[in-house]
Amino acid sequence: MFGLLDCNNFYVSCERVFQPRFEGRPVVVLSNNDGCIISRSAEAKALGLAMGAPYFQVKDVLRQHGVQVFSSNYALYGDMSRRVMWYLGQVTPGVEIYSIDEAFLDLHGLDQYMQPYLGGGLEAFAHTIRANVKARTGIPTCLGVAPTKTLAKLANRVAKKNPDLGGVLYLDSAERRAWALEQVAVSDVWGIGRQYAQKLTAAGIDSAADLAKVSEAWARKMLGGVVGARLVRELQGYPCSGLHPSEDGTLSRQSISCSRTFGRPLTAHNDVRAAVASFLTRAAEKLRAQGDQAYVLTVYVQKNRFDPKVPPPYSRSATLTLPGGPSADTRVLAQYAGHLLSKILEPGCTYHKAGVVLDGLEPPTTGQQLGLFAPAAPVAEAAAKVSADRPQLMTTLDGLNARFGRGTVRLGSAVPTTLIGGRAPWQGQAQWQSGAFTTRLEDLLTVS
DNA sequence: TCTGGGGTCCTAGGACCC
DNA sequence: TCTGGGGTCCTAGGACCC
C-alpha cells in the first residue's frame with residue numbers, strides 16, 4: 001500500500017501556525033513579485049478566488065472581504081516542510097518527497113503489523129500520522145491510502161472533499177475503490193491536465209470511474225502513449241510506479257533552475273547580465289548543495305508576453321555542453337552564462353524575465369582531468385584556468401554565505417550597478433512578507 | 001502600472017553508424 | 001538509379017505536476 005500525505009493549503013497553513021489570529025479567516029499567499037495567488041484558505045476559496053489569479057485583477061475583492069494577503073516566504077515554508085518530512089521519515093519505512101507539501105509513504109506490509117498496536121491497522125495508523133503531524137508542526141494534512149500511487153492521490157483528494165472522513169481515506173476494498181472513483185471528475189485525476197480532460201469529456205469519459213474502464217489501446221492513443229496506459233492501469237489498482245525514497249529527507253534533482261520575472265522591465269544589457277549572474281549564483285549553490293556538477297547550461301531571456309505590442313517569439317535561449325567538462329564552480333558557470341547571453345540579447349529590446357537551467361547533473365569525478373580534452377575556445381580556456389585556481393573557493397564561499405546570510409559574498413558580476421529603493425533593479429515586490437520565524441534569530445516570536 | 005517558479009517524463013524526428 | 005534494417009544519441013517540444 002502507498003500513502004499520500006498532502007498538507008492542506010500549505011503556505012496559508014504555515015502563516016497561520018505563527019499567527020493563529022488568521023485561523024477561520026480568508027487568507028491568500030501571493031507568488032514571487034506579488035504576482036498571483038498561489039495558496040488559499042478554505043474561506044478564500046469560498047469567496048471564489050481562483051488559484052493563479054493575478055493579484056491586480058482581484059485586489060478589490062480581497063479588500064472588500066478583508067482577505068489577509070501574504071507575500072510568499074520560502075524560508076519559512078521550506079523549514080516547515082523539512083519538519084513534516086522528517087517526522088514522516090521517523091514513522092514509515094520509506095518516504096518519497098514529492099513536493100514541498102506532499103509525500104508518498106511506503107506502507108507495504110504494515111497493515112498486519114499495525115493491528116496489534118492500533119487495533120484498526122493501517123487506517124488507524126494513517127489517523128495517528130495525521131494527528132502527530134498536526135501536533136508537532138501545527139500543519140493540517142489529509143492522507144490517502146491505496147494500492148497504487150494514482151489511487152492514493154485520488155483517495156487523498158476524496159478525503160479532502162469529504163470532511164466527515166476525518167482527513168483519511170483507505171481504499172482497502174473493491175467497493176470503496178469503486179465508490180471513490182465515482183467521486184472524482186476525470187479532470188481531477190493525477191496526470192490529466194487541461195488538454196487531456198477536454199479530449200476525454202468530448203469522448204464521454206467524465207469520471208475517474210469511466211477512465212478506469214477504457215482499453216489500454218485507447219488510453220495509449222488518447223493520452224500520450226505509455227503514460228496514459230500506465231495511468232489507467234494504476235486507476236484499476238495495478239501499480240506501475242514504485243516508491244523512490246528521498247535520501248536523508250532531501251530531494252535530489254535531475255535539473256536545477258533559477259528564474260525570475262524582473263521587478264521592472266529591463267532594457268540595459270548590463271542589468272540583465274547582473275540579474276542572470278545572480279540567478280546563476282543561486283542555481284550553482286543548489287547544485288553544490290546536492291553534491292553535483294553540471295555538464296549542460298542553458299540561459300534564456302523573455303520579453304513581456306502580455307504586451308500586445310510585443311510580437312512573438314517571446315523567448316530566446318542558448319544551451320551549451322561545457323567544453324571543459326562538468327563544473328560546480330560559480331565562476332566557471334557564470335563565465336559561460338555571460339557568453340551564452342551575448343548570443344541571445346538583442347539591442348533595444350526590453351526584457352521581462354530571465355533564467356538559467358543546469359542539466360546533465362552528476363557527482364564530481366575523482367581525479368584531475370582538467371586540460372586533457374582542453375578545448376581551444378578562449379572562453380573555455382579562461383574557464384578552466386579559473387576553476388583550477390583555488391578549487392576550495394566555492395566551499396569557503398558557501399560556508400560564509402550559510403553563516404552570514406545568502407549573498408554576503410558574491411561575484412562582482414552579480415552585484416547590481418544601480419539600486420532602486422535599496423534593491424537591485426531586477427528584484428520584485430514582496431510587500432506583505434511575514435518573518436522567517438524558524439530560521440532567523442531576529443524574527444523569533446516572543447511570548448509575553 | 002501590476003500576470004510565479006521549479007520540476008518530470010515522453011515522443012518524434014534528425015543525424016549518424018554498421 | 002534503385003535500394004534495407006536496425007541501432008544510438010541528441011534535441012525540441014508537448015503535456016503534466018505542485
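Lettering of chains follows the sequences in order, A, B, ..., and the numbering in each one begins at 1.
Few gaps surround CZ on A:R423; more than 12 heavy atoms of other groups in view lie less than 6.0 Å from it. In this structure, A:K221 places its NZ atom where only 12 or fewer heavy-atom neighbours from other residues, nucleotides or ligands lie under 6.0 Å away. Around the CH2 atom of A:W86, the shell of radius 6.0 Å holds no more than 12 heavy atoms that belong to other residues, nucleotides or ligands. In the displayed structure, A:E247 atom CD is contacted under 6.0 Å by at most 12 heavy atoms of other residues, nucleotides or ligands. No more than 12 heavy atoms of other residues, nucleotides or ligands shown are found within 6.0 angstrom of CD on A:Q198. Other residues, nucleotides and ligands contribute only 12 or fewer heavy atoms inside 6.0 Å of the NZ atom of A:K161.
Residue contacts for A:I192: at a heavy-atom cut-off of 4.0 Å it reaches the sugar-phosphate backbone alone, with no base atom in range. Residue A:V357 is classed as having no contact, given no heavy-atom separation below 4.0 Å to the nucleic acid. A:H244 comes within 4.0 angstrom of no nucleic acid atom, judged by non-hydrogen atoms across all strands. Note on A:K153: only backbone sugar-phosphate atoms sit closer than 4.0 angstrom, heavy atoms only; bases stay farther off. At the heavy-atom level, A:R264 lies nowhere under 4.0 Å from the strands shown. Across all strands shown, A:F306 has heavy atoms under 4.0 Å from base atoms, whether or not it also approaches the sugar-phosphate. Here A:V29 lies out of heavy-atom contact (under 4.0 Å) with every strand. Among the protein residues, A:N32 comes within range of the sugar-phosphate backbone only, with heavy atoms under 4.0 Å from sugar or phosphate atoms but none that close to a base. A:N304 comes within contact range of no nucleotide atom at all, as no heavy-atom separation falls under 4.0 Å. Contacts of A:Q429 with the nucleic acid, taken as non-hydrogen atoms under 4.0 Å apart, are absent. In this structure, A:I256 reaches the sugar-phosphate backbone alone: every heavy-atom distance under 4.0 Å involves primed, P, OP1 or OP2 atoms, never a base.
Side chains of A:S41 and A:N9: no donor on one and acceptor on the other come within 3.5 Å.
When DNA chain B is scanned 5' to 3' for any atom under 4.0 Å from a heavy atom of chain A, the first and last hits are B:dT1 to B:dT11.
If you find the closest nucleotide of DNA chain B to A:G224 and to A:R305, the one lying nearer the 5' end belongs to A:R305. Nearest-nucleotide positions on DNA chain B for A:S252 and A:R260 put A:R260 closer to the 5' end.
In this structure, A:K153 does not pair ionically with A:E234, as no charged nitrogen and carboxylate oxygen lie closer than 4.0 Å.
In this structure, the ring of A:F2 has its center no less than 6.0 angstrom from the ring center of A:F104.
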Inset, instruction - Using Watson-Crick or G-U wobble pairs with both distances under 3.5 Å, give me DNA chain C in dot-bracket, 5' to 3', with [ ] for crossers and | for pairs to another strand. - result: ....||||||||||||||
